[in-house]
Undergrad: 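Questions regarding the structure given below will be posed in turn.
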Amino acid sequence: PIMRRLKTAGIALMVVVAAACATRPVVPPATTGPRYPDFAYPNLPNRVGDERMRARHDRAWQLLQVGDLRAAGKEFAAIVGKAPAFYPGLTGWGFVLVADGKPKDALGRFEQAIRLAPQYAPALAGQGEALLSLGQRDDALTSFEAALAADPTLVDLPRRIDVLRFGRVRDLVAAAKRAADAGRLDEARRAYESALATSPDSGFLYRDLGLVELRMSELPSAIAHLQKAVAIDGADARALLGLADAFEKQGDVQGTVSALERAYAIDPTDALKQRLDKLRDRVELARLPDEYRAIPGLAQVTRGDLAALVGVRLQALVATSRQRSSVVATDVRGHWAATWIVSVTRAGIMEVYPNHTFQPRTVVRRVELAQLVSRVLALAGADSGRPGAARAAIGDVGPDHLQYGDISAAVASGAMSLDGGFFRPSRPVSGQEAQDVVQRLERLTAKRRSGSG
């Protein structure tokens, strides 16, 4: 009887143990870290599921993380079978299916969970994992961003979001460049705008979008985007050059100069300096009287016109020349070029007549222009060439001519030229000729001041 009772008790114990094993799966001990550390744990909000269901949920997640996908899947399926609205279980099941290479099936579980709890971050993150496995990177990015917005404590998501954003921007930029190179500017513009929606703090995207819009002659948009690029990265010379081009197309010379000056400070090339010099001249010219700007188109220049040209173009030389305060011209008051007439006569570049008149409206002859050239060269200490070589080349002015020295110096320096071997001293000077001669003097005297002449 005793043996029979012991045998019966042993059988009963085995039945109890077997029953316990059937209801509580054995979780293998974890000997390493979690197999899927990027998966967001489907946390259990308060009042969701009873204690027994919550315990089974945790065990199922442990099975997933030790790599027992079959057991984990069965456990999550059993939980959901008993409680179809238990959205943490649906989410866990979705993660198991992702790990098992079944992203389409996983997507269905995550979508079910999201319908039950639209702001449940683990389901949103899981949806991103499934979409990523399906190659839908843009949609995956949207899901990850929604998950992080719902739960900022998901510390692994920012890194993954950054990687996806970088990849998306890279692909969009590549597509935009291909479209721009092929002349499909509208397509390029849309691609850059999409890239900016993903990465709104990237200065180079604003720059490249602005450059495309510049090619499209969409000047207000181009300027706004290029200015944004410069605000983000003040050392972006390409953005500054694009901004200068846009301002120039718009007719804003001062804005063009300002942008070019900033670009030149970053990348001081000779070509940029030449462009700046020309634009600065335009700015200065715009500030001058209408009479001055009209000089190049005149058939004949007057003494007043010539004094203005010298006073403006050779301002530095005039300002540093020894001034003769005793010079008085009685007939220049009220003349538009009065200021420059006074400065060039006091510098000794032009003379007042013995009767103390300047006669600003008198037409200038080539011999008078040669005299001015000779005086400027002397004041600057510039090389006037070899007068002996010029003497033989001048067919209508010999050594006995009163202004032979001035004429030969003007020709030898290159500031003035001959016409078929003749100087033609009595010929009136046109506005274009006067401007050309003064510009040559400007270059000659500048070389002297810089020590290269």
Undergrad: Could you check, using the six-membered ring where one of them is a Trp, whether His335 and Phe358 have ring centers closer than 6.0 angstrom?
TA: no
Undergrad: What pair of heavy atoms forms the shortest contact from Gly234 to Ile266, and how long is it?
TA: O-CD1, 3.5 Å
Undergrad: Compare every heavy atom of Val344 with every heavy atom of Gly311, then report the nearest pair and how far apart it is.
TA: N-CG1, 4.0 Å
Undergrad: Could you label the plane-to-plane angle of the Trp340 and Trp336 rings as parallel, tilted or perpendicular, counting under 30° as parallel and over 60° as perpendicular?
TA: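 The rings of Trp340 and Trp336 stand perpendicular, inter-plane angle above 60°.
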Undergrad: Are any side-chain N or O atoms of Glu213 and backbone N or O atoms of Arg189, one a donor and one an acceptor, separated by less than 3.5 Å?
TA: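 No, Glu213 side chain to Arg189 backbone: no donor-acceptor pair under 3.5 Å.
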Undergrad: Keeping the roles fixed (side chain from Thr256, backbone from Glu248), state whether a donor-acceptor pair exists under 3.5 Å.
TA: yes
Undergrad: Please report the shortest heavy-atom distance between Leu124 and Pro118, naming the atom on each side.
TA: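 Between these two residues, the closest heavy atoms are CD1-O, 3.9 Å.
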Undergrad: Crowded around Arg70 CZ? As in, over 12 foreign heavy atoms under 6.0 Å?
TA: no
Undergrad: Do any N or O atoms from the side chain of His57 and from the backbone of Pro42 form a donor-acceptor pair under 3.5 angstrom?
TA: yes
Undergrad: Nearest heavy-atom pair of Ile223 and Ala246: which atoms, and what distance?
TA: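 Heavy-atom minimum between the residues: CG1-CB, 3.6 Å.
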Undergrad: Hey, what's the ring geometry for Phe76 with Trp61, parallel, tilted or perpendicular (30° and 60° as the breaks)?
TA: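 Taking Trp61 first and then Phe76, their aromatic rings stand perpendicular (interplane angle over 60°).
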Undergrad: When the ring planes of Tyr120 and Tyr87 are compared, do they come out parallel, tilted or perpendicular, using 30° and 60° as the limits?
TA: perpendicular
Undergrad: With no hydrogens and no angle check, is any side-chain donor or acceptor of Ser430 less than 3.5 Å from a backbone partner on Glu433?
TA: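 Between the backbone of Glu433 and the side chain of Ser430 there is a qualifying donor-acceptor contact (under 3.5 Å).
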Undergrad: Sub-3.5 Å donor-acceptor pair from the side chain of Ser413 to the main-chain atoms of Ala415, do we have one?
TA: yes
Undergrad: A quick test of your reading: do over 12 heavy atoms of other residues, nucleotides or ligands sit less than 6.0 Å from NZ of Lys273?
TA: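 Result for NZ/Lys273: open.
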Undergrad: Can you measure from NZ (Lys278) to CZ (Arg275) and round to the nearest 0.5 angstrom?
TA: 10.5 Å
Undergrad: So that I can tick it off, tell me whether Glu187 and Arg178 are bridged by a salt bridge, with the cut-off set at under 4.0 angstrom between side-chain N and carboxylate O.
TA: no
Undergrad: I'd like to know if Arg56 and Asp50 make a salt bridge, using a cut-off of under 4.0 Å between side-chain N and carboxylate O.
TA: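 Answer for the salt bridge query: no.
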Undergrad: Where do Val212 and Ala180 come nearest, in terms of heavy atoms and distance?
TA: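 Taking every non-hydrogen atom into account, CG2-CB, 4.4 Å.
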Undergrad: Within a radius of less than 6.0 Å around CZ of Arg170, do more than 12 heavy atoms belonging to other residues, nucleotides or ligands occur?
TA: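 Above 12, so yes.
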Undergrad: Do NZ/NE/NH1/NH2 and the carboxylate oxygens of Arg160 and Asp156 come within less than 4.0 Å?
TA: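 No, Arg160 and Asp156 are not salt-bridged.
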Undergrad: Side chains of Gln432 and Asp436 only: does a donor on one sit below 3.5 Å from an acceptor on the other?
TA: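 Looking only at side-chain atoms, Asp436 and Gln432 do form a donor-acceptor pair, the distance falling under 3.5 Å.
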Undergrad: Compare every heavy atom of Ala434 with every heavy atom of Leu309, then report the nearest pair and how far apart it is.
TA: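 Leu309 and Ala434 have their closest heavy atoms at CD1-CB, 3.7 Å.
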Undergrad: Looking at Arg293 and Asp290, is any side-chain nitrogen of the basic one under 4.0 Å from a carboxylate oxygen of the acidic one?
TA: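 Salt bridge present between Asp290 and Arg293.
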Undergrad: Assess whether atom CD of Gln119 is packed by more than 12 heavy atoms of other residues, nucleotides or ligands within 6.0 Å.
TA: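 Incorrect, the count does not exceed 12.
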Undergrad: Charged N to carboxylate O below 4.0 Å: is that the case for Arg207 and Asp233?
TA: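 No, no charged N to carboxylate O under 4.0 Å.
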Undergrad: Any side-chain heavy-atom pair from Asp208 and Lys177 closer than 4.5 angstrom?
TA: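 Result yes, sub-4.5 Å side-chain heavy-atom pair found.
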Undergrad: With sequence neighbours left out, which residue pairs that include part of residues 138-151 fulfil the side-chain hydrogen bond (donor to acceptor under 3.5 Å, both in side chains) condition?
TA: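 Checked against side-chain hydrogen bond (donor to acceptor under 3.5 Å, both in side chains) - neighbours excluded - the pairs reaching residues 138-151 are Gln127-Ser143, Asp138-Arg168, Glu145-Arg165, Asp151-Thr153.
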Undergrad: What do the steps show when you test Phe95 against Phe110 for ring-ring contact (aromatic ring centres under 6.0 Å, His included), and what is the final call?
TA: CA-CA 9 Å; Phe95 278 116; Phe110 292 128; 5.2 Å; yes
Undergrad: If you count the non-hydrogen atoms of other residues, nucleotides and ligands that lie under 6.0 Å from CD in Glu291, is the total more than 12?
TA: yes
Undergrad: Under the salt bridge (charged side-chain N to carboxylate O under 4.0 Å, His left out) rule, what do Asp201 and Lys228 come out as? Steps first, then yes or no, please.
TA: CA-CA 10 Å; Asp201 297 323; Lys228 180 71 172 179; over 6 Å; no
